[in-house]
S.K.: 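One structure, as structure tokens, below. Some questions next.
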Amino acid sequence: LRLNPVDNKTAEYFRDGKDKRITTEVGFHLGGPIAKDKLWYFIGYQPKLESISRNVFFVVPRITRTFTNQNSTQYWIGKLSLQPWTRLRANLGVTSSASKTLGSLPSYQGTQNPDSGFERLGNRTPNIGYNADAYLMAGPKLFFNFRVAYFLQDQHNVGTPKQIRY
């Protein structure tokens, strides 16, 4: 429910429009032995590309414009496994899900300024994780596991004005 943008004395029901959304995902995984019964590898990559378009009618200055939001996320993984002896196995791994977004979408109601620079706004998130582990069979009833991991998650805004806006 909202006030009619043309007549402030009339209330009306407002339903958000439908965005045009296109999502594409493709990828591959590959793995196998490097040295028989000693060293193995595994890699994988899968990008996710998404585009969202929105038509918005702006109350002031009474125009319709189309805005687009582009999002790409690059998922990839790599792992290396080593078994130098039958009682010891070690793994090294890395995973990433870095994403980049460009273009912001205004609200359906069209109450914002159409010249606010929605097409310049966005963000980047360089997410990456590293891990290493080792398994040692010390005896028939004794097992040791050592593990260390590091994860980096951050976000950077793109296109945000740096000056004070009052």
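None of the values given here were measured: they were computed from a predicted structure.
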S.K.: Is a side-chain donor or acceptor of K79 paired with a backbone partner of G93 at a separation under 3.5 angstrom?
M.R.: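 It does not hold such a pair.
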S.K.: With a 4.5 Å heavy-atom cut-off, do W40 and L82 have their side chains touching?
M.R.: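 Counting from C-beta outward, W40 and L82 never come under 4.5 Å.
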S.K.: Quick one: pull up OG1 in T125 and CG in D154 and give me the separation to the nearest 0.5 Å.
M.R.: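 T125 atom OG1 to D154 atom CG measures 9.0 Å (nearest 0.5 Å).
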S.K.: Shared ILVMFWY cluster between F28 and Y41, side chains joined below 4.5 angstrom?
M.R.: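 F28 and Y41: one cluster.
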S.K.: Looking at every heavy atom in both L80 and I34, which two are closest together, and how far apart are they?
M.R.: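 Looks like CD1-CD1, 3.9 Å.
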S.K.: Tell me whether L30 is reachable from V94 by hopping between hydrophobic residues (I, L, V, M, F, W, Y) whose side-chain heavy atoms are closer than 4.5 Å.
M.R.: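 Result: yes, single cluster for both.
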S.K.: Going by atom types only, do Q70 and E50 share a side-chain donor-acceptor pair under 3.5 Å?
M.R.: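 Not at all, the side chains of Q70 and E50 share no donor-acceptor pair under 3.5 Å.
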S.K.: Can a donor-acceptor pair be found, under 3.5 Å and without considering hydrogens, that links the side chain of Q83 to the backbone of A90?
M.R.: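 Judged by distance alone, no pair lies under 3.5 Å.
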S.K.: Do the non-hydrogen side-chain atoms of T101 and N69 ever get within less than 4.5 Å of each other?
M.R.: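 In short, these two side chains touch, coming nearer than 4.5 Å.
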S.K.: Just how far is it from atom CG of L136 to atom CZ of R89, taken to the nearest 0.5 Å?
M.R.: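 Answer rounded to 0.5 Å: 13.5 Å.
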S.K.: Do S96 and Y75 touch side chain to side chain, with heavy atoms closer than 4.5 Å?
M.R.: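 A side-chain contact is absent here, since even the closest heavy-atom pair is not under 4.5 Å.
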S.K.: Look at the rings of H29 and F42 and say which category their plane angle falls in: under 30° parallel, 30 to 60° tilted, over 60° perpendicular.
M.R.: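 Taking F42 first and then H29, their aromatic rings lie parallel (interplane angle under 30°).
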S.K.: With a 3.5 Å distance limit and no angle check, can you tell me whether N113 reaches the backbone of D115 through a side-chain donor-acceptor pair?
M.R.: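 Pair found, side chain donor or acceptor close to backbone of D115.
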S.K.: With side-chain contact (heavy atoms from CB on, under 4.5 Å) as the criterion, how do T23 and L49 come out once you've worked through the C-alpha distance, each side chain's angles and the decisive distance to 0.1 Å?
M.R.: CA-CA 6 Å; T23 303; L49 309 172; over 6 Å; no
S.K.: For residues P106 and P114, determine if any side-chain heavy atom of one lies less than 4.5 Å from a side-chain heavy atom of the other.
M.R.: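 Not touching, per the 4.5 Å side-chain cut-off.
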S.K.: With the 4.5 Å side-chain cut-off for hydrophobic clustering, are V56 and I52 part of the same group?
M.R.: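 As far as the 4.5 Å side-chain criterion goes, I52 and V56 are connected within one cluster.
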S.K.: Do L92 and Y150 sit in the same hydrophobic cluster, where Ile, Leu, Val, Met, Phe, Trp and Tyr count as joined when their side-chain heavy atoms come under 4.5 Å apart?
M.R.: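 No; Y150 is not reachable from L92 via cluster members.
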S.K.: With rounding to the nearest 0.5 angstrom, report the CG to CG distance, N131 to N91.
M.R.: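 If I round to the nearest 0.5 Å, the distance is 8.0 Å.
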S.K.: Looking at L105 and R54, what are the two nearest heavy atoms and their distance?
M.R.: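 That would be CB-NH1, 3.6 Å.
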S.K.: At what distance, to the nearest 0.5 angstrom, does CD1 of I77 lie from CD1 of I43?
M.R.: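 It comes to 11.0 Å.
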S.K.: I want to check something: taking the side chain as every heavy atom from C-beta on, are N127 and F151 in contact at a cut-off of under 4.5 Å?
M.R.: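 They are in side-chain contact.
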S.K.: So which pairs with a foot in residues 120-146 pass salt bridge (charged side-chain N to carboxylate O under 4.0 Å, His left out), sequence neighbours left out?
M.R.: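 Salt bridge (charged side-chain N to carboxylate O under 4.0 Å, His left out) check on residues 120-146 returns D133-R147.
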S.K.: Ring of F57, cation from R62 - is the NZ or CZ under 6.0 Å from the centre and inside 45° of the axis?
M.R.: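 Not satisfied by the 6.0 Å and 45° rule.
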S.K.: Taking C-beta and beyond as the side chain, do S99 and N71 meet within less than 4.5 Å on heavy atoms?
M.R.: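 Yes, close enough: below the 4.5 Å cut-off.
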S.K.: What distance do H156 atom NE2 and K100 atom NZ have between them, rounded to the nearest 0.5 Å?
M.R.: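 Between H156 NE2 and K100 NZ, I get 12.5 Å after rounding to 0.5 Å.
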S.K.: Following the transitive rule for hydrophobic clusters with a side-chain heavy-atom cut-off under 4.5 Å over Ile, Leu, Val, Met, Phe, Trp and Tyr, establish whether F146 and L142 coincide in one cluster.
M.R.: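 Yes, F146 and L142 fall within the same hydrophobic cluster.
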S.K.: Tell me, with the steps shown, if S51 and R21 meet side-chain contact (heavy atoms from CB on, under 4.5 Å).
M.R.: CA-CA 6 Å; S51 175; R21 180 182 300 255; over 6 Å; no
S.K.: Between E25 and K48, is the side-chain contact (heavy atoms from CB on, under 4.5 Å) condition met? List the steps.
M.R.: CA-CA 5 Å; E25 293 185 41; K48 178 181 178 185; 3.8 Å; yes
S.K.: Determine whether the side chains of S53 and T66 contain a donor N or O and an acceptor N or O closer than 3.5 Å.
M.R.: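 The answer is no; no qualifying pair exists.
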S.K.: Ignoring hydrogens and angles, state whether a donor on the side chain of N55 or Y108 is under 3.5 Å from an acceptor on the partner side chain.
M.R.: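 No donor-acceptor contact under 3.5 Å links the two side chains.
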S.K.: Assess the residue pair Y135 and M137 against the criterion (side-chain contact (heavy atoms from CB on, under 4.5 Å)); give the C-alpha distance rounded to whole Å, side-chain angles, the decisive distance to 0.1 Å, and a yes or no.
M.R.: CA-CA 7 Å; Y135 309 94; M137 290 288 291; over 6 Å; no
S.K.: Under a 4.5 Å cut-off applied to non-hydrogen side-chain atoms, are P47 and V26 in contact?
M.R.: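 A side-chain contact under 4.5 Å exists here.
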S.K.: Roughly how far apart are R87 CZ and F143 CZ, rounded to 0.5 Å?
M.R.: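 The CZ atom of F143 is 12.5 Å from CZ of R87, to the nearest 0.5 Å.
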S.K.: Among residues at least two apart in sequence or on other chains, which ones pass side-chain hydrogen bond (donor to acceptor under 3.5 Å, both in side chains) with Q74?
M.R.: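 By the side-chain hydrogen bond (donor to acceptor under 3.5 Å, both in side chains) rule, Q74 matches Y45.
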